[in-house]
Amino acid sequence: MKITLTLAMFFISILTFLSLPTPSLSLSKPCNKNDEKVLFQIKNSLGNPYHLASWQPTLDCCKWYCVKCNKTTGRIIELTIFSGNISGQIPPEVGNLPYLQTLEFHKLTNLTGQIPSTITKLTHLTQLRLSWTNLSGPVPSFISQLTNLNSLDLSFNSLTGSIPPELAKLTKLYAIGLDRNKLTGTIPESFGMFKGSVPDLYLSHNQLTGDIPKSLGYLNFSRIDVSRNQLTGDFSMFFGRNKTIQIADFSRNRFWFDLSKVEFPTSLTYLDMNHNKVYGSLPASLTGLSLQGLNVSYNSLCGKIPQGGDLQKFDHSTYFHNRCLCGSPFWACAN
Ligand SMILES: *[C@@H]1O[C@H](CO)[C@@H](O)[C@H](O)[C@H]1NC(C)=O
Ligand SMILES: *[C@@H]1O[C@H](CO)[C@@H](O)[C@H](O)[C@H]1NC(C)=O
Ligand SMILES: *[C@@H]1O[C@H](CO)[C@@H](O)[C@H](O)[C@H]1NC(C)=O
Ligand SMILES: *[C@@H]1O[C@H](CO)[C@@H](O)[C@H](O)[C@H]1NC(C)=O
Ligand SMILES: *[C@@H]1O[C@H](CO)[C@@H](O)[C@H](O)[C@H]1NC(C)=O
Ligand SMILES: *[C@@H]1O[C@H](CO)[C@@H](O)[C@H](O)[C@H]1NC(C)=O
Ligand SMILES: *[C@@H]1O[C@H](CO)[C@@H](O)[C@H](O)[C@H]1NC(C)=O
């Protein structure tokens, strides 16, 4: 949950940044007539909801609620519809706003249907957020055609099917949020082959299975949350002396491997791996970290908790329900 909130804050800060008033030295250009026409089609397609009541021909469409124009061109660059009483499907006409950079439908529980393929026409799109809606169908592979995407948030929907490997073609992605859906299948091998920026991965609360591909160890991920899936095998590829991972949540899966030899990098500040089947002992490299959070509970770990660093500042619930962990702050070891 902590990590989901962080992603939300990432989007909020980007949106706040984009909506800061810019000093206008000259008169703003009026709204482009084609864009206005398309917005009226979108409004109509959504059943003329009260939420879009300001979308009136008497008002320049750059001043409408939920949209933002480029002041020099009068073209619509943002469409952000959220928290309204809106039902129906995402209007395919959104694909006819050719200068759109941000497209957001958020917290609209009555928005249903699939993600329309017309969005592939939006070649300038950098932010795509369709979240907390009731979208169904797959995570479409055609999203990989949106080569300028910085962030993709499809969280809190009812999306099914597997994660399309083609997403790894996106070279500018900072974050992928597919958490809280009904996704199945494995994490694609291609996610170890992002060229350009390495995105934060938020894949929690799905039904993903299989081992995390070893290929993900080729990259330096910063944040990863795969909690609450049915993943198996080993997650140690994210660690190692020369890695830069900071936040990692592997909790509530079926990981099963020996933790004893894992070298945690000093960049790591948060590690949650509760409810798995990890065995072996806690490695001494944990004492070298500045940890804000640690949870290794409900595994099959054994042996003495290394003494030092931040390991004693956590309470016993960080360590409980293991096979035979002992030592401060937990039970004393029986020699
Ligand atoms: C607005 O359009 C102008 C001209 O195409 C471009 O130089 C500028 O970067 C755009 N501004 C934004 C905020 O997109
Ligand atoms: C969703 O639609 C139902 C049925 O029309 C309505 O009762 C409900 O208020 C709507 N909810 C929201 C949040 O728009
Ligand atoms: C949403 O709109 C529907 C139909 O217009 C209405 O019946 C319902 O009460 C509204 N719900 C909310 C939460 O405003
Ligand atoms: C939307 O999703 C919520 C939670 O998954 C569900 O309770 C609700 O019935 C759905 N609404 C529609 C209109 O499908
Ligand atoms: C990860 O980052 C570290 C530190 O910047 C660097 O030494 C290492 O080579 C990087 N590894 C990869 C796979 O990029
Ligand atoms: C980590 O460093 C070792 C030795 O410096 C190097 O052989 C290895 O390729 C590096 N691994 C990564 C993932 O950067
Ligand atoms: C660790 O996780 C377990 C299981 O979810 C939970 O009961 C416990 O409170 C957590 N402890 C800490 C310190 O996060």
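If you read the sequence from its start, that first residue is 1, and numbering goes on from there. Each ligand, and each atom within it, is numbered from 1 in the order the structure gives. Because only heavy atoms are used, hydrogens play no part in the values below, and waters and symmetry mates are left out as well, while side chains stay in.
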Please output the residues near ligand 7 using a strict heavy-atom distance under 4.0 Å, listed in chain and residue-number order.
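Around ligand 7, where the cutoff is 4.0 Å for heavy atoms, the contacting residues are Arg252, Asn274, His275, Asn295, Ser297, Tyr298, Ser317, Thr318, Phe320.
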
Checking Asp310 now: which residues fulfil side-chain hydrogen bond (donor to acceptor under 3.5 Å, both in side chains) with it, not counting sequence neighbours?
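With neighbours one apart ignored, the set is empty.
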
Tell me if a side-chain donor or acceptor on Ser227 pairs with a main-chain N or O of Arg252 at a distance below 3.5 Å.
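No: the side chain of Ser227 does not pair with the backbone of Arg252.
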
Any pair counted as salt bridge (charged side-chain N to carboxylate O under 4.0 Å, His left out), so long as it reaches residues 260-271, sequence neighbours left out:
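As it turns out, the salt bridge (charged side-chain N to carboxylate O under 4.0 Å, His left out) pairs with a partner in residues 260-271, which skip direct neighbours, are Arg241-Glu263.
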
Does the distance from Cys31 SG to Cys62 SG come in under 2.5 Å?
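Their SG atoms do not fall under 2.5 Å; no disulfide, then.
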
Side-chain donor-acceptor contacts of residues 299-309 below 3.5 Å, not counting sequence neighbours, with atom names and distances?
| unit_1 | atom_1 | unit_2 | atom_2 | d |
| --- | --- | --- | --- | --- |
| Asn299 | OD1 | Asn276 | N | 3.3 |
| Asn299 | OD1 | Lys277 | N | 3.3 |
| Asn299 | OD1 | Val278 | N | 3.0 |
| Asn299 | ND2 | Met273 | O | 2.9 |
| Asn299 | ND2 | Val296 | O | 3.1 |
| Asn299 | ND2 | Ser297 | O | 3.1 |
| Gln307 | NE2 | Ile305 | O | 2.8 |
| Gln307 | NE2 | Ser328 | O | 3.1 |

Asn157 and side chain to side chain donor-acceptor pair (under 3.5 Å): which partner among Asn134, Thr133, Asp179?
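Of Asn134, Thr133, Asp179, side chain to side chain donor-acceptor pair (under 3.5 Å) with Asn157 is met by Thr133 alone.
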
Show the atoms of ligand 2 that are less than 4.0 angstrom away from any heavy atom in Asn85.
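Here the atoms of ligand 2 in question are 10 (C), 12 (C), 14 (O).
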
